[in-house]
Amino acid sequence: MDFKFIIEALPKIMLAVPITLFMSLVSAAAGWLLGLSIALIRKHRVPVLSQFSAVFVSFMRGVPMVILLYISYYALPILLYSYGLSIGINIDINAVPPIVYAIIALSLDQAAYSSEIFRSALSAVDEGQMEAAFSVGMTRTQALMRIIFPQALAIAIPNLGGIFVGLVKGTSLAYYVGVYEITATANLLAMPALNFIEAYIMTTLIYEAISFVLNKLFRICEDRLKKFRAGASA
Amino acid sequence: MENTFKPETIPGYIPNILRAFPVTMEILLISLLISLALGALVTAAGIGKRKWLKAIANSYIAFMRGIPTLILIFLIYLGLPQLAQSVGVDLTGVSKTVFIVACLSLSSSANMAEMMRASYLAVDKGQREAAYSVGMKEFTAFRRIIFPQAFGIAIPALGNNIIMLFKDTSLAFAIGVIDLMGKARAISSASYGANRLEVYIATGIIFWAACIILEYCSKFTEKIYTKGRKKATS
């Protein structure tokens, strides 16, 4: 163990923690919104969109994250560039930071997994709840926002916590498309003097700490939302 | 930047990448067997009466669920030999496949343990009492009454875990094993990256197809296994 290396490298690796968290938060926010839309589309069997969503979800769940990252990293610049040409702008592809491609791949992955969670949560809320909301004169949007979503969220939150921790762990793969998050930074620092064991023990502890805090946070959310759960599921 | 993407060449790469399929299968099957055995051990410790065993089982699961698989791979492949060397053990001759199997077994065993614990607890308590009441010993009751029912409950989760493990085998390329993903990288670097997008899409399609088959098998097994059995969940 090279303690001098640990003292020197730890602050540098810690500086990469916000990048990992930023990537996770943006991907989760975008992914879960898309996931909720997919869940609603599939629940109401919207023609064309519903079939398209089913194929999308199946693809995302079947392909490993690292391949999705590579596809996004190599395909999006081409798409972006030809789109730019078609509207008459010459987009400088090299100016786009790789974190954008990573976030897009991670968001789509989250969308697929969260859509399944939202779908089962929505169907777990009793049908009678919707009818009761209508009977007191609520519109469809009101009923969804005030009655259905809070209950569905209470059911979905433990699973959402699970995929969010998975997402944070998944960001370590963004290393392969050149994002300098925790893993890439640790690798870079370990290379010159081959301090692998020290670097990866630090990285492990950092990820363990993040997972621990996130699990606690989601547990708190779960407790807070419990009031929406009492006897609500069918 | 030129648009060099040729979607019509994608199917042509599939047979070439598939030549690495046996390697992926070998990694998957061995890891699966070891992770099931490890998972069973952890579950036995977790549901047993001894408090310290319980604590070890729970912290093992929490640790494995908190660490990204990629970091575990780096930690064991790059870090462990360094650590072993300092106590006089030489690990340089061990093949990369052994390392990858060890990592995947460890990371998957936590999910397997969770699955086994949940399905064990889902079997109604009365079943065990009934088995005792007709004079069965503890082990006989487990083997003939509890396990067959818990297995039926576990099939969907087991299928999911196998799919996750299968997707995780794609990380074997991180340490240079020529599995499906490693083969894809080799093909794309042989052409200096000219066909990388097509190759990764082809690899994605292979994984997708395999996952659909695995999912179908899991559904089929569940249907066959639970046919004619009463649901014994509490």
Side-chain angles (χ1 to χ4, degrees), chain A residues 1 20 55 58-75 77-82 84-85 90-94 162 165-166 168-173 175-176 182-183 186-187 190 194-201 203-212 214-215, chain B residues 1-5 62-86 107 114 160 163-164 166-171 173-174 180-181 184-185 188 193 195-215:
Chain A
M1 282 283 182
T20 292
V55 174
S58 153
F59 180 77
M60 283 292 160
R61 283 158 55 98
V63 179
M65 193 62 231
V66 68
I67 296 180
L68 290 177
L69 279 167
Y70 274 127
I71 293 179
S72 155
Y73 185 62
Y74 293 130
I78 298 176
L79 285 176
L80 207 61
Y81 184 75
S82 36
L85 281 188
N90 198 350
I91 300 174
D92 181 13
I93 295 303
N94 297 322
V165 173
V168 173
K169 288 158 67 182
T171 58
S172 63
L173 297 171
Y175 157 61
Y176 284 105
I182 301 175
T183 313
N187 246 338
L194 303 176
N195 295 102
F196 292 117
I197 185 86
E198 294 90 347
Y200 295 129
I201 286 178
T203 329
T204 306
L205 292 178
I206 292 173
Y207 277 110
E208 291 289 349
I210 296 175
S211 307
F212 181 78
L214 286 175
N215 282 329
Chain B
M1 193 178 157
E2 197 84 21
N3 183 359
T4 53
F5 180 54
F63 179 81
M64 284 305 166
R65 291 173 74 102
I67 183 173
T69 316
L70 184 65
I71 302 292
L72 188 67
I73 291 172
F74 285 154
L75 193 65
I76 291 185
Y77 178 69
L78 297 169
L80 193 64
Q82 282 189 350
L83 207 62
Q85 208 161 36
S86 63
S107 78
E114 286 277 273
N160 257 340
I163 288 175
M164 257 159 59
F166 174 59
K167 284 166 68 180
D168 274 350
T169 60
S170 67
L171 293 176
F173 84 90
L180 288 174
M181 186 65 192
R185 274 171 73 100
S188 92
N195 55 9
R196 56 196 178 190
L197 181 55
E198 291 86 346
V199 171
Y200 288 129
I201 292 178
T203 321
I205 290 171
I206 294 174
F207 270 96
W208 186 19
C211 282
I212 290 175
I213 296 172
L214 281 174
E215 211 160 312

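Note that the structure is a prediction, hence the values are computed from the model and not measured. Chain A is the first sequence line, chain B the second, and so forth, proteins listed ahead of strands; every chain is numbered from 1.
For the pair A/Y175/B/I71, no side-chain contact is recorded, criterion being any heavy-atom separation below 4.5 Å from C-beta on. At least one side-chain heavy atom of B/F63 sits under 4.5 Å from a side-chain heavy atom of A/T204. The shortest side-chain heavy-atom distance between A/L194 and B/Q82 falls under the 4.5 Å cut-off. Looking at A/V165 and B/R65, their side chains never come closer than 4.5 Å, going by heavy atoms from C-beta outward. In this structure the side chain of B/F74 reaches within 4.5 angstrom of the side chain of A/N187, judged on heavy atoms. Within the 4.5 Å cutoff, side-chain heavy atoms of B/L171 are placed close to those of A/L173. Contact annotation: the side chain of A/E208 approaches that of B/I67 to within less than 4.5 Å [non-hydrogen atoms, C-beta and beyond].
In terms of heavy atoms, B/G66 sits closest to A/S211 at O-OG, 3.1 Å. When all heavy atoms of B/K167 and A/M60 are compared, the closest pair comes out as NZ-O, 4.0 Å. Of all heavy-atom pairs spanning A/I71 and B/L197, the tightest one is O-CD1, 3.8 Å.
With chain B as the partner, the residue from A/A209, A/G170, A/P64 showing the most heavy-atom pairs under 4.5 Å is A/P64. Listed options B/A174, B/G79, B/P68 were ranked by heavy-atom pairs under 4.5 angstrom with chain A; first place goes to B/P68. Chain A forms more heavy-atom pairs under 4.5 Å with one residue of B/M164, B/R185, B/E215 than with any other, namely B/R185.
In this structure, chain B has heavy atoms under 4.5 Å from both the backbone and the side chain of A/I201. Contact annotation for B/I212: only side-chain heavy atoms (C-beta onward) come within less than 4.5 Å of a heavy atom of chain A. In this structure, the portion of A/Y176 lying under 4.5 Å from any heavy atom of chain B is its side chain and not its backbone.
The structure places CG of B/L70 at 8.0 Å from OH of A/Y200, a figure rounded to the nearest 0.5 Å. In this structure, CH2 on B/W208 lies 13.5 Å from CD1 on A/I67, to the nearest 0.5 angstrom. Rounded to the nearest 0.5 Å, atoms CD1 (B/I205) and CZ (A/F59) are 7.0 Å apart.
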Could you go through the side-chain contact (heavy atoms from CB on, under 4.5 Å) check for A/V66 and B/F173 one step at a time?
-> CA-CA 10 Å; A/V66 68; B/F173 84 90; 3.7 Å; yes

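Between A/Y74 and B/Y200, the ring planes are parallel. Angles under 30° get that label, and only those over 60° would be called perpendicular.
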